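All values derive from a computational prediction rather than experimental measurement.
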Amino acid sequence: MSSIQGIVMALNCYRGVSPVPTFTALPPPSSDHKIVIEPETAAIRPHVVCAILRGIEFTEKTFLDFIDLQDKLHHNACRRRTLVAIGTHDLDSMKFPLRYTAQAPQDIVFRALQQEREMDATALFEHYENTNHSLRHYLPIIRDAPKYPVIRDADGHVLSLPPIVNGERTKCLTATRNVLIECTAMDLTRAKLVLNVMVTSFAQYCRSIEQVTVVRADGEQYCTPDLSARRMATSMEYIQKSIGVPLMPEVVVQHCQQMMLGASVRAGTEDSPIFDIDVPPMRSDVMSECDVMEDVAIAYGFDRIPQEVAQLHTTGQFHAANEISERAREELAMSGFTEISTFVLCNHRECNEMLNRPVDPRTAVITNPRNIDCEVCRTTMIPSALKTLASNISHPKPIKLYEISDVVHLDSESDTGARNVRRLVALNCDNQAAFEVGHGMLCTVMDRFGVRFDPAHPNTPGTFHLAFPQQPDGAFLPKQQAQVMHAGKCIGEIGVVHPSVLHAFQVTFPCTVFELDMEPLYALLQQSLSKKE
């Protein structure tokens, strides 16, 4: 759905104008149609996948759509090229086999896209910095590495310097008839996903799709793209129970097809139907039968699902965590802060290395994560706030963000071995660092819970104060950080974010951040409510 072609494909299926799309990728036409990954890439950007669109016919509009789809994928699925970078090339201007390697910047000499002369990678980066080129935002991804990734053809010509820029020699034009798409990546699953979206969106304009053999450094080989449908199963019982509407098997099949899912009733299960679902390669969002059920409900129509009164009647009340969260939200919103909502799962580097912090022993690690964005459960919400800020850094200053959500800590006393902890993070980004702004906002929030700032009487009930940490926190500037102390315990931290942390998250303006553990405040809230009653 990132391109007009994808939207049209989905709408035609939904309206019944066209069947569920299927795609076929022809095997590599020869043994030379391959790309060899050399061991040097393991330290910088280890994966690459490729595909060929043979006999494509561009118009001015479809060519612009092709470029626009790349840009959109770079900003969302590719995470601003940090996870995946897409390169497109005129196949007729290169020679197989290709070589994906890593070399010193001074050894990578080529004429980059839209440049008038050849430069080595070091000079090219300086040129982008000095001219405020749009590509300068991506330079930090590899700039500090001793070697840069590069793709060369059989004659040694540079095709691409991922994730920054392609070479002028293989530039695609409207007249291009054969296109090579390559995706270099930190995460192989994400790379295949992005490649499939690019290929399936423009398959209708080309004569055929051809695979390219990828030869890994360890000798393993595989061909991409893989456009075969993924098979999963779901049952009529599950769908009807979840949606709450009785449906005939043929109606479920029809609704699946409307949502671009191939569906059929498994033989021998007519009495209690089991559906075999074929998920096309561009529907990477469908991961379990829950997603299939949701698609059936969408096709059926949420407005057609009858509303029913629950059969079980209970007396409910606000949970203490939600009560205190709502109060904090009101105070922060009235102070001009914008609420954000981010994922609990994150990359392990974001919670320690990028924050200049050691690994937290309470970190819950995900086994066999689907991609590198889902490696661990976060133990702090500061990375989430900084990533959101980086994506909105062009907005007028000051930028004020906050989030009230959960982090996860390992806990041997918990039934599950881990527990959720409600936390609050607030961030102020301006042209100058302002510790006093964060301190003032912290006092305002704490005052809402009946906790006043009183450094002169630190052990008085219902008060809090700031204290310099015994061990400095690497996430903040050494002399502009403090611990938030309440009842003799540290319940949070506040400080001006360290420049190296800002650089790691690609934030170009100073920030003040505070983060609070809200659980110690529950009892105070209950006391406050009891007094009012």
Side-chain angles (χ1 to χ4, degrees), residues 1-23 65 68-69 72-73 75-77 193-194 196-197 199-204 227-314 316 322 339-345 370 405:
M1 300 292 281
S2 298
S3 66
I4 187 65
Q5 286 75 18
I7 294 173
V8 169
M9 189 189 307
L11 284 175
N12 283 340
C13 281
Y14 186 80
R15 295 169 56 223
V17 174
S18 61
V20 177
T22 57
F23 304 92
D65 289 342
D68 186 55
L69 176 59
K72 288 181 178 178
L73 289 173
H75 277 81
N76 48 59
L193 182 159
V194 170
N196 286 347
V197 172
V199 168
T200 56
S201 296
F202 286 84
Q204 58 185 308
L227 301 181
S228 59
R230 288 181 290 116
R231 175 64 63 91
M232 63 172 57
T234 187
S235 66
M236 173 65 83
E237 179 184 5
Y238 173 75
I239 290 176
Q240 291 192 147
K241 182 178 180 180
S242 301
I243 300 176
V245 176
L247 297 172
M248 298 297 292
E250 56 270 20
V251 174
V252 173
V253 170
Q254 178 187 350
H255 288 334
C256 286
Q257 292 173 347
Q258 284 182 272
M259 302 301 290
M260 293 197 297
L261 300 176
S264 60
V265 179
R266 184 178 296 177
T269 63
E270 288 77 8
D271 295 336
S272 181
I274 300 294
F275 300 97
D276 287 322
I277 307 297
D278 292 321
V279 183
M282 64 283 190
R283 288 299 309 273
S284 59
D285 58 308
V286 179
M287 294 182 284
S288 68
E289 62 176 341
C290 176
D291 300 307
V292 176
M293 176 274 296
E294 181 185 20
D295 275 1
V296 172
I298 292 172
Y300 179 80
F302 287 137
D303 57 327
R304 296 174 57 194
I305 300 175
Q307 298 183 11
E308 296 181 358
V309 178
Q311 299 299 312
L312 179 64
H313 298 279
T314 60
N322 294 331
E339 184 173 13
I340 61 175
S341 180
T342 59
F343 296 115
V344 174
L345 298 181
R370 185 174 178 85
S405 187

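- With contacts defined as side-chain heavy-atom distances shorter than 4.5 Å, the pair Pro246/Gln240 qualifies.
- Asp295 and Arg283 are joined by a salt bridge, as a carboxylate oxygen and a charged side-chain nitrogen come within less than 4.0 angstrom of each other.
- With values rounded to the nearest 0.5 angstrom, Ile274 atom CD1 is found 12.0 Å from Ser264 atom OG.
- Here the closest non-hydrogen pair linking Gln258 and Ala299 is OE1-CB, 3.9 Å.
- Taking every heavy atom of both residues into account, Val245 and Pro306 meet most closely at CG2-CD, 4.0 Å.
- Here the straight-line distance linking atom OH of Tyr300 with atom CD1 of Ile243 works out to 9.0 Å at 0.5 Å rounding.
- Taking every heavy atom of both residues into account, Gln257 and Ala263 meet most closely at NE2-O, 4.1 Å.
- Between the OG1 atom in Thr234 and the CZ atom in Arg266 there is a gap of 10.5 Å [rounded to 0.5 Å].
- Looking at Cys13 and Ser18, their side chains come closer than 4.5 Å, going by heavy atoms from C-beta outward.
- Taking 4.5 Å as the limit, some side-chain heavy atom of Met9 sits within range of a side-chain heavy atom of Met282.
- Residues Pro280 and Thr200 have side chains not in contact (no heavy-atom distance under 4.5 Å, counting atoms from C-beta outward).
- Tyr14 has its side chain out of reach of Met260: every pair of non-hydrogen atoms, C-beta onward, lies at least 4.5 Å apart.
- Atom CE of Met259 and atom CD1 of Ile277 lie 12.5 Å apart (nearest 0.5 Å).
- Few gaps surround CD on Glu250; more than 12 heavy atoms of other groups in view lie less than 6.0 Å from it.
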inquiry  = Val296 vs Leu247, test: side chain to side chain contact (heavy atoms under 4.5 Å, CB included). Steps then yes/no.
reply    = CA-CA 10 Å; Val296 172; Leu247 297 172; 4.1 Å; yes
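- Within the cation-pi definition used here (under 6.0 Å to the ring centroid, within 45° of the axis), Arg304 does not qualify as a partner of Phe302.
- Taken to the nearest 0.5 Å, the CE atom of Met293 stands 11.5 Å off from the NZ atom of Lys241.
- Side-chain N or O atoms of Arg230 include one that pairs as donor or acceptor with a backbone N or O of Val286 at under 3.5 Å.
- Inter-residue side-chain proximity for Tyr238 and Cys290 is flagged as met; some heavy-atom pair is nearer than 4.5 Å.
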request  = With side chain to side chain contact (heavy atoms under 4.5 Å, CB included) as the test, would you mind laying out the steps for Val252 and Met248 before giving the verdict?
outcome  = CA-CA 7 Å; Val252 173; Met248 298 297 292; over 6 Å; no
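- Contacts of Arg231 classified as salt bridge (Lys or Arg N to Asp or Glu O under 4.0 Å), with partners at least two apart in sequence or in another chain: Asp276, Asp278.
- Using a 4.5 Å heavy-atom cutoff, the side chains of Gln204 and Pro21 are not in contact.
- For the atom pair CZ of Phe275 and CE of Met236, the computed distance is 3.5 Å after rounding to the nearest 0.5 Å.
- Using a 4.5 Å heavy-atom cutoff, the side chains of Asp65 and Ser3 are not in contact.
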